[in-house]
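Notes for the one structure printed next.
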Amino acid sequence: MKIKICGITNIEDALLAHKLGADLLGVILDNNVKRHGTRELIDEMKSYNLNVVGVYTSMPESIEDDFVQLHFPHGYKEILDVKSTGASVISVIDMNSEQYDKKYHEYINAGSDFILFEDRSGIIKRLPELLNYKKIGIAGKISPENVSIASSFNPELIDASSGLELYTGKKSPERLKMFFEALK
Ligand SMILES: O=C(O)c1ccccc1NCC(=O)[C@H](O)[C@H](O)COP(=O)(O)O
């Protein structure tokens, strides 16, 4: 099971999350999103050998990342285009969208490395719906208080962001520590 901390906006949060045990660190590359980062931040994170996921809300013109999160409704072509660069793909499915099961099979068949099921109002209550899926990640209000429930479900990927913040865009060192403690 891999742990991804998303919404990283600064190097201090990135280094602390990595030190505590994060496998992947997500940087949102969309200036319209409050908790976004920059290409410069990604370069700095890579200089520390951190595993960075570039999180995109639309298809980027070029791919410079080792891990790419397609955080918008996409299809076969976008996944193949990213995979042709050698990057790993995280395909996000909004569980409140129609036909999420159909999308899951499309993304699996296209070769996505992880299918990240997201319910921004809280994924924990949706877990019973996900029992028969493979290669899945889960996201949506995962926090120190409920991450033990998330991990007992044993997904391939757990993604957490806002539940670890002091304020939007800034992670709380205390909450990060509590989160990784709860995973032990
Ligand atoms: O976090 C955002 O505001 C965001 C906005 C637009 C696209 C992606 C965004 N986040 C990426 C993520 O993977 C989230 O961090 C993930 O769904 C977890 O969300 P949460 O823990 O509920 O903040």
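All values reported here derive from a predicted model rather than from experimental measurement. One-based numbering, in listed order, for ligands and for the atoms of each.
Under 4.0 Å from any atom of ligand 1, one finds heavy atoms of residues K4, C6, I28, V33, R35, T57, Q69, H71, E118, R120, A139, G140, K141, D159, A160, S161, S162.
A 4.5 Å side-chain heavy-atom check between I5 and K171 finds at least one atom pair inside the cut-off.
L176 and V53 fall into different hydrophobic clusters, where Ile, Leu, Val, Met, Phe, Trp and Tyr side chains are chained together by heavy-atom contacts under 4.5 Å. In the hydrophobic clustering of ILVMFWY residues, with side-chain heavy atoms under 4.5 Å counting as a link, F67 and I42 come out apart.
Ion pairing between K103 and D94 fails under the 4.0 Å rule for side-chain N and carboxylate O.
The aromatic ring centroids of Y133 and F117 lie less than 6.0 Å from each other.
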Under 3.5 Å, which donor-acceptor pairs link side chains of residues 177-184 to any protein atom two or more places apart or in another chain?
unit_1 : atom_1 : unit_2 : atom_2 : d
E181   : OE2    : K184   : NZ     : 2.8

